[in-house]
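Comments concern the structure below.
So you know, we letter chains A, B, ... as the sequences are listed, proteins then strands, and number each from 1. These numbers were taken from a predicted model, which means no experiment stands behind them. Atom set for the values below is all heavy atoms of this structure, side chains included, hydrogens, waters and symmetry mates excluded.
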Protein chains: 2
Amino acid sequence: MQNANLTMKKIAKELGVSVSTVSRALQNHPRIGSLTREKVQKLAKELHYQPNSRAINFKNNKSFNVGVVLPYLTEQYFSIALTGIEQTLMSKGYSMVVMQSMNDYERESAAIESLIKHGVDGILVSMASETYNKTHFNNATHKVPIVFFDRVLKHPRYSAVYGNITKAAFDAMEYLIGKGFTEIALMNGPNSLQSTEERLKGYIDGLKKYNIPVSASYIKNLNLTKEDTILKINELLDLENPPKVVLAFHDYIALDAMQICKERGLQINRDISFVTFSNLSFCSYLDNPPIATVEQFPAELGAQAAGLLLEAMETPDTYQPREIVVEPKLIIR
Amino acid sequence: MQNANLTMKKIAKELGVSVSTVSRALQNHPRIGSLTREKVQKLAKELHYQPNSRAINFKNNKSFNVGVVLPYLTEQYFSIALTGIEQTLMSKGYSMVVMQSMNDYERESAAIESLIKHGVDGILVSMASETYNKTHFNNATHKVPIVFFDRVLKHPRYSAVYGNITKAAFDAMEYLIGKGFTEIALMNGPNSLQSTEERLKGYIDGLKKYNIPVSASYIKNLNLTKEDTILKINELLDLENPPKVVLAFHDYIALDAMQICKERGLQINRDISFVTFSNLSFCSYLDNPPIATVEQFPAELGAQAAGLLLEAMETPDTYQPREIVVEPKLIIR
DNA sequence: CTGTTAGCGCATTCAG
DNA sequence: CTGAATGCGCTAACAG
């Protein structure tokens, strides 16, 4: 039963040497007698000595913890991103403190503050959809570096890793138009998210390229709640000319929308089809899955963002904030 | 642009008072002049003073971080549990450092060690299915309290929060037998998990109560990989008397098994049905979902475990390790 | 090669 | 009411 508060001091006293000798022996410092070294290391092992991490954190002013703030852990997209982050951080001895914003500005802001208070060395953020105010980021960045991933804030002060959504949306449109679809609706996200604008641009670019008129009634902004999804899909289905295919902000939107379609007697992939962003694994278990989906490689986004953050934390003097774009891929089912 | 390394010392110098005066003023210590207090607090606010958390951690020998080790973040069951944990911890000012074991003993062991090294105040664990050796827990528990949730280690030294799986399995069996099923297979987990044994007991108890013979060929242990699921469901379907319903260890097993059934030309819920544990949200989007499922309330399990850990950390002298059982609920679809 | 000293930021004792 | 001194555990500069 080893002592939980075993310090170098005690080892030193036990052995009749000084604390600094113990310190040097334990870290294989060159200027130490091999005999002393062995003696110290032996006793330390016997007593299960473990350095007090809090003292080391204090001394080095570093915790080897990074904070991660994201909307929902329960959205598989983000838990996959976390996996990429964990992997990258782990390889450098860092671990991650995770907090959910639940798309709420207040929670996000509180999370950032709390992380700073907990002494993380850096922060990774995927922004809440309700975030309208950026002061919490600006305050935090004076203390530790911040890197955004997926739901990013584009600003020269911040690094950001994100997918080329405009291109992905455009590719999806080309695919659909190539399949003969023209009545294509867009169930987009909230305007607070950068990627909402990008999806819209890809959508419109696609229509324009093939001279298909843009119909405002086919374009819906959602706030990412289930209720709003239900509202908006019903609006689309109530149109005189309901869409034959829907490009959905992500899989969760599509699933809820599909549910409504089915309830209204439509058959998925006959009366109406879906194309989605995310490519969540469980969609492959559906009998009538989305006909195509944009894989955004969340693990890669997370890993790249973690890589940038590591650089920012380890070489702050030379680090230049920058952006990394990961190319999504359209997957046809 | 506030100084990132603003210490009490600087405030003290600026104001021509001593550091201890600043310290007292900032924490509203009783023995301080209200004038001095105001003066100090005003300047501290102006300069955006924030106490150095690492110094405080060091001084108090406490980090307000707890570690959480679980199999997979990407399994929604665990991310829901995390949400319960986060909520409970947050209310007491703690945050969580998350690590995935990926059901691997080595990873789990390394995670525990790493958490200790990172200086967490306590650890929550949902065990890896491959964990055969408990020394990593025993070593860690000398340094910080450990509480298990869901996939628990039952031992008087440890606290544990888990569902009454035996009862839940039994209830499921009664339901199925009541519906007229007798050819009921059990796709169970690995023997390393406590809950595997419990499912088996509930399964057998159910059969026995209604005098249905227990057939060894209907009982399969899986290692929770997709490959093994495919192997075992095929074995079941290849029997002379294939089962009419399968009680599955959890939803992911059922989904993969269903896929194979469909590939083999069976129609779900006509030729073969499933009952599962977990009740993951996306199952409700399936055209032919499991006919019943055991809701285990992972958020509740996580929250209760976090509550026990908080008690263990905050009142270590009086804390008695104990177990909390959360009653699952059979949900009929 | 090893011991002594100093200091990281803060809270807390002990003096005044 | 306030200041000076102490120590938390560890590393590192400085002496010897």
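Closest contact between the side chain of A/T36 and the listed nucleotides C/dG7, C/dC1, C/dC10 involves C/dC1. Of the candidate nucleotides C/dC10, D/dT11, D/dT2, D/dT2 has the atom lying nearest to any side-chain atom of B/I32.
Annotation: ring pair (Phe, Tyr, Trp, His ring centres under 6.0 Å) contacts involving residues 74-99 of chain A, sequence neighbours excluded, comprise A/F64-A/Y94.
Atom NZ in B/K39 sits roughly 15 Å away from atom P in D/dC1 (whole-Å rounding). The interatomic distance linking A/N57 (CG) with D/dT11 (P) rounds to 12 Å, in whole Å. Rounded to whole Å, atom P of C/dA6 lies 15 Å from atom NZ of A/K59. Taking atom CZ on B/F58 and atom P on D/dG9, their separation rounds to 6 Å, with Å as the unit. To the nearest angstrom, P of C/dT2 lies 11 Å from CG of A/L15. What separates NZ of B/K13 from C1' of C/dG9 is a distance of 15 Å, to the nearest Å. Straight-line distance from the CD atom of B/Q27 to the C1' atom of C/dG9: 13 Å, rounded to whole Å. Per the geometry, NE2 belonging to A/H29 stands 11 Å off C1' belonging to C/dC1, to the nearest Å.
Considering B/V40, B/L6, B/L43 as possible partners of B/Y49, the one that fulfils the side-chain contact (heavy atoms from CB on, under 4.5 Å) test is B/L6.
Remark: B/T21 is in phosphate contact with D/dG3, judged by side-chain N or O atoms under 4.0 Å from OP1 or OP2. Put simply, A/K9 has a side-chain N or O that comes within less than 4.0 Å of OP1 or OP2 on D/dC8. Between B/Y49 and C/dC10, a side-chain N or O to OP1/OP2 separation shorter than 4.0 Å is present.
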Measure all distances between protein nitrogen or oxygen atoms and nitrogen or oxygen atoms of nucleotides 14-16 of chain C, and list the pairs falling under 3.5 Å.
none

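Using a 3.5 Å distance cut-off with no hydrogens or angles, the side chains of A/R157 and A/N138 do pair a donor with an acceptor.
A/S20 contributes a side-chain N or O that forms a donor-acceptor pair with the base of C/dT4 under 3.5 Å.
Listed here is the closest heavy atom pair of B/I32 and B/H29: CG2-O, 3.0 Å. In plain terms, the two heavy atoms of A/Q100 and A/L73 that are nearest each other are OE1-N, 3.0 Å.
Relative to the six-membered ring of A/Y162, A/K154 meets both conditions, a distance below 6.0 Å and an angle of at most 45° to the axis.
Summary of helix geometry: the two end axes of the helix from C/dC1-D/dG16 to C/dG16-D/dC1, each defined by five base pairs via their C1' atoms, are inclined to each other by 60° (rounded to 10°).
The pair A/K42-A/E46 counts as a salt bridge, with a side-chain nitrogen and a carboxylate oxygen less than 4.0 angstrom apart. A salt bridge links B/R322 with B/E311: the distance from a Lys NZ or Arg NE/NH1/NH2 to an Asp or Glu carboxylate oxygen falls below 4.0 Å.
Ring pair A/Y132/A/Y105 is tilted by interplanar angle, where 30° to 60° counts as tilted.
Residue B/V19 is out of contact with every strand shown, counting any heavy-atom pair closer than 4.0 Å.
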